[in-house]
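Values below: every heavy atom of this structure, side chains too, minus hydrogens, waters and symmetry copies.
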Amino acid sequence: METVRFDELDLYPQILRGIQEMGFEEATPIQSKAIPIVMEGVDVIGQAQTGTGKTAAFGIPLLMKVDSHNKKTQAIVLCPTRELAIQVAEEIRCLAKYMHGVKVLPVYGGQDIVKQIRSLKGGAQIIIGTPGRVMDHLRRKTIKCEEIHTVVLDEADEMLNMGFREDIETVLEYIPEERQTVLFSATMPKPILEITKKYQKNAVNIKVVKKELTVPNIEQYYYDVKRKDKVEVLSRLLDVYDPKLSLVFCNTKRMVDELVNALQGRGYFAEGLHGDMKQVQRDRVMNRFRGGKTEILVATDVAARGIDVDDVEAVFNFDLPQDDEYYVHRIGRTGRAGRTGRSFTFVKGKEVYKLKDIQRYCKTKILVQKVPSMEDVVQVKLEKIMEHIGTIIEEEDLSSMVNMIEAQVNESDYTAMDIAAAFLKLALLGEEENRQPNLENFEFGDTGAEEGMVRLFINIGKKQHVKPGDILGAIAGESGMPGKLVGAIDMYDKYTFVEVPREYGKEVLQAMSDSKIKGKSINIEPANQK
C-alpha cells in the first residue's frame with residue numbers, strides 16, 4: 001500500500017513536532033489505516049501484531065481528542081502487562097511532549113496504590129493501566145468516569161489469555177455508554193468477537209495483512225541440538241557472533257532461572273525476566289538491559305511483552321515457541337529501526353516438523369546451520385584480538401615497545417614471530433581469565449547497582465531454602481559490616497543478588513569467600529563485572 005506521511009494526516013503542529021522528534025516521517029500500514037478512522041470517533045477493531053506501530057495508531061487520535069484544559073480523566077488504555085503499560089505511557093508522553101497540560105499516567109499492580117491515588121488526585125487525562133488495577137481504582141472512585149470518552153483495549157487477545165476477561169468487562173460497565181471503544185488484537189478468537197459484539201457499535205475493521213508483518217532484514221537460522229548440549233551451543237553462538245544485546249526465549253519460568261544460572265556460571269552478563277518476579281526486580285532488570293549493563297536477557301513470552309529495545313542484535317529460541325505466532329513476536333524484537341538482526345532456533349527430532357509449520361505460517365526461510373566448533377570460537381576470538389592490535393598499531397606510538405622486542409630478539413634465540421605468537425596466546429588466555437576477578441588488587445567496575453553501592457552475585461537461592469535474612473546475617477556476621485547498610489537483596493531459585501556499600505565491597509568478598517550459608521558452601525563474586 002502507498003505510504004502516508006504524518007504531515008498529510010491533518011494533525012496538530014504540537015503532535016507533529018513530537019512525532020518528528022521521535023524520528024518518524026512515514027506512518028506504518030496500521031497507522032495510516034487506523035489514525036484517520038479512529039480520529040472520526042467511531043468504534044474500531046484493529047488486527048495488528050506487536051512491532052507494527054499500533055501504540056501511535058491509537059495514541060495520536062487520543063491526543064487529538066483530549067482537552068488539555070480539563071484535568072479530569074478522558075481516556076483509558078488497558079494493557080495485559082505492567083511492562084506494556086509503562087511502554088505505552090512513555091510513547092504517548094513522547095508524542096505529547098509539546099502539548100502543554102496533558103498528563104499521561106500508568107497504573108498497574110505491584111506499585112504502591114497510595115502513591116497512585118496521590119498521582120490521580122493531581123489529574124490525568126489519559127490513564128494507561130492493567131485491567132485489575134484500573135478496576136480497583138474505579139471501585140474506589142479514585143478514577144472518575146463521567147468525562148471518559150475513549151477506551152482502548154491493547155493486545156486484547158493477550159489480556160484474555162491471561163484471564164482478564166471479567167476485569168475488562170467490569171471496567172467497560174463503569175464507563176459511560178456514549179464512548180468510543182477501540183480494540184487492538186493480533187488474533188481474533190471467539191471471545192474477542194463476543195466482546196466486540198457486546199461493547200462496540202458498528203465497529204470498523206482494520207487489518208494489517210500478514211505479509212506486511214514479516215521482517216525482511218532478519219537472518220533466520222536453526223540448529224539441530226540435543227537438550228543437554230543447548231547451553232554449550234548457545235555459549236558458542238554468543239562468542240562467535242558477539243551480539244551487543246541478545247534476547248533468549250524459554251517456554252517456562254523454571255528454564256529461565258536454570259539458563260540464567262548456567263550463563264552466569266560461564267561468565268556472561270545474563271539476567272532473567274518472568275512472571276514470578278516482583279515488579280521492582282523486573283524494572284531493575286529491564287533498565288540494566290536497556291542501558292547495556294546486562295547483555296543477555298532470558299525471558300518467557302508473557303514477560304517479554306512490552307520489551308521494546310532497538311539495539312537487540314540477536315534473538316535465540318532456546319525452546320521452540322508453543323505457538324507459531326509467538327515465533328513472529330519473538331524474532332520481531334531484533335532487526336528494528338532498519339538494522340539487520342539474526343534469530344537462532346534450537347530444535348531436536350520431531351520439532352523440525354513444527355519448524356516447517358512455522359516457516360509456512362510466516363512465509364519465511366529458516367536455514368539450517370552447523371553448530372560452530374571450538375576451533376571456530378577460538379578463531380573468532382583471535383580475529384578480534386588481531387583487529388584490536390591493528391587499531392593499536394595505527395593509533396599508538398609503539399617505538400619504545402619495538403626497541404624492547406628488538407633487544408629481546410638480539411639477546412635470545414626467539415624470533416619476533418615467536419614473541420608475537422606468545423603475546424597472542426597470552427591475550428587469548430587473558431580473555432578467559434578476565435571473567436574471574438583477582439581480589440588482591442581488585443577494583444569494582446560497574447556492577448549495575450544503585451549509586452554508591454556494588455552488587456554481588458551469590459550462587460545460592462530459594463531452592464536451598466535460604467531467606468533474605470540468612471544472606472543479611474551471613475554478610476554482617478562474616479564481614480563485621482552493620483546489617484542495616486546492606487541494600488537490595490534479590491532472591492531467585494538458585495542464586496541471589498545483594499547490594500552493599502562500595503567501600504565495604506572488597507571486605508565482604510574477602511570475608512565471604514570461604515564461608516557457608518545454612519551449612520552450604522557458597523561462591524560470591526561481583527555481578528556483571530566487566
Review point. Between Pro80 and Phe164, which heavy-atom pair has the shortest distance, and what is it?
Key: O-CE1, 3.4 Å
Exercise for review: State whether the number of non-hydrogen atoms from other residues, nucleotides or ligands found under 6.0 Å of Tyr241 atom OH is greater than 12.
Suggested key: yes
Check your understanding: Salt bridge or not for Arg82 and Asp283, using N-O below 4.0 Å?
Key -> no
Review point. Taking side chain as C-beta onward, heavy atoms only, is Met286 less than 4.5 Å from Leu297?
Key: yes
**Study point:** Geometric cation-pi criterion, Lys230 with Phe318: 6.0 Å, 45°
**Key:** yes
Exercise for review: Show the numbers, then the answer: is there a side chain to side chain contact (heavy atoms under 4.5 Å, CB included) between Met374 and Arg236?
Suggested key: CA-CA 8 Å; Met374 278 314 291; Arg236 289 188 195 180; 3.6 Å; yes
Study note, to complete from the structure: Tightest non-hydrogen contact, residues Ile195 and Glu169, listed as CG1-OE2, 4.1 Å
Check your understanding: Rounded to the nearest 0.5 Å, what separation is found between the OG1 atom of Thr81 and the CD atom of Glu155?
Key -> 7.5 Å
Exercise for review: For Ser479 and Met481, indicate whether the former's side chain and the latter's backbone hold a donor-acceptor pair under 3.5 Å.
Suggested key: yes
Review point. Do the side chains of Arg133 and Gln116 get nearer than 4.5 Å, heavy atoms only?
Key: yes
Review point. With distance as the sole test, does Gln264 use its side chain to make a donor-acceptor pair with the main-chain N or O of Ala270 at under 3.5 Å?
Key: yes
Practice item. May I ask you to decide if Ile460's main-chain N or O and Thr496's side chain share a donor-acceptor pair within less than 3.5 Å? Key: yes
Study note, to complete from the structure: Taking every heavy atom of Cys250 against every heavy atom of Leu259, the minimum-distance pair comes out as SG-CD2, 3.8 Å
Review point. Tyr221 versus Glu219: any side-chain heavy-atom pair under 4.5 Å?
Key: yes
Review point. Quick one: does Ile296's side chain get under 4.5 Å of Val260's, heavy atoms only?
Key: no
**Study point:** Backbone of Gln47 reached by a side-chain donor or acceptor of Ser185 within 3.5 Å
**Key:** no
**Study point:** Main-chain N/O of Ser235 paired to Tyr268 side chain as donor or acceptor, under 3.5 Å
**Key:** yes
**Study point:** Verdict with reasoning, Val285 to Thr294, per side chain to side chain contact (heavy atoms under 4.5 Å, CB included)
**Key:** CA-CA 8 Å; Val285 168; Thr294 297; 5.7 Å; no
Review point. Salt-bridged, Lys518 to Asp470, with N to O below 4.0 Å?
Key: yes
**Study point:** Reported CG-to-CG distance for the pair Asp167 and Leu78, which is rounded to 0.5 angstrom
**Key:** 9.5 Å
Check your understanding: Can you name the closest pair of heavy atoms from Val466 and Ile517 and give their distance?
Key -> CG1-CG2, 4.2 Å
Exercise for review: For Lys253, enumerate each residue passing the side-chain hydrogen bond (donor to acceptor under 3.5 Å, both in side chains) test, keeping only those at least two apart in sequence or located in another chain.
Suggested key: Asp276
Study note, to complete from the structure: Scanning both residues in full, the closest heavy-atom pair of Pro189 with Asp157 reads CD-CB, 4.5 Å
Check your understanding: Under 6.0 Å from the CD atom of Glu166, do we count more than 12 heavy atoms belonging to anything else shown?
Key -> no
Check your understanding: What heavy-atom pair brings Asp319 and Asn251 nearest, and what distance separates the two atoms?
Key -> OD2-N, 2.8 Å
Check your understanding: So, Lys54 and Asp154, do they make that salt bridge, N to O below 4.0 Å?
Key -> yes
Review point. Which word best sums up how the rings of Phe497 and Tyr495 line up, parallel for under 30°, tilted for 30 to 60°, or perpendicular for over 60°?
Key: perpendicular
Check your understanding: Under 4.5 Å between any side-chain heavy atoms of Met453 and Val500, yes or no?
Key -> no
Review point. How far does OG1 of Thr334 sit from CD of Gln220, to the nearest 0.5 angstrom?
Key: 10.5 Å
Practice item. Measure from the side-chain N and O atoms of Gln359 to the backbone N and O of Ile366, and report whether any donor-acceptor pair falls under 3.5 Å. Key: yes
Review point. Is the Phe316 to Phe249 ring centre distance short of 6.0 Å?
Key: no
Point to revise | Donor-acceptor pair, side chain of Lys516 and main chain of Ile522, under 3.5 angstrom | key: no
Check your understanding: Given side chains that start at C-beta, do those of Thr252 and Thr300 come closer than 4.5 Å, heavy atoms only?
Key -> no
Point to revise | Pairwise side-chain contact, Leu234 with Phe346, heavy-atom cut-off 4.5 Å (strictly under) | key: yes
Exercise for review: Show the numbers, then the answer: is there a side chain to side chain contact (heavy atoms under 4.5 Å, CB included) between Lys226 and Asp229?
Suggested key: CA-CA 5 Å; Lys226 290 192 182 99; Asp229 297 332; 3.7 Å; yes
**Study point:** Gap separating the CG atom of Leu245 from the CD atom of Glu313, nearest 0.5 angstrom
**Key:** 7.0 Å
Practice item. Answer yes or no: is there a donor N or O on one side and an acceptor on the other, between the side chain of Asn261 and the main chain of Asp257, under 3.5 Å? Key: no
**Study point:** Validation row: Ile475, Tyr504 side chains within 4.5 angstrom (heavy atoms)
**Key:** no
Review point. Should Glu194 and Arg165 be marked as a salt bridge (Lys or Arg N to Asp or Glu O under 4.0 Å) after you check the CA-CA gap, both sets of side-chain angles, and the distance that decides it?
Key: CA-CA 11 Å; Glu194 285 166 7; Arg165 180 169 178 167; 3.0 Å; yes
Check your understanding: Is a donor on one side and an acceptor on the other found under 3.5 Å between the side chain of Asp224 and the backbone of Lys348?
Key -> no
Study note, to complete from the structure: Separation between CZ (Phe344) and CZ (Arg342), nearest 0.5 Å, reads 5.5 Å
Check your understanding: CG/Asp490 to CZ/Arg282 distance, rounded to the nearest 0.5 angstrom?
Key -> 13.5 Å
Point to revise | Glu271 bridged to Arg284 by N-O distance under 4.0 Å | key: no
Check your understanding: Quick one: does Asp418's side chain have a donor or acceptor within less than 3.5 Å of a partner on Thr415's backbone?
Key -> yes
Point to revise | Salt-bridge criterion met for Lys244 and Glu295 (N-O under 4.0 Å) | key: no
**Study point:** From CA spacing to verdict: side chain to side chain contact (heavy atoms under 4.5 Å, CB included), Val298, Leu273
**Key:** CA-CA 6 Å; Val298 185; Leu273 197 71; over 6 Å; no
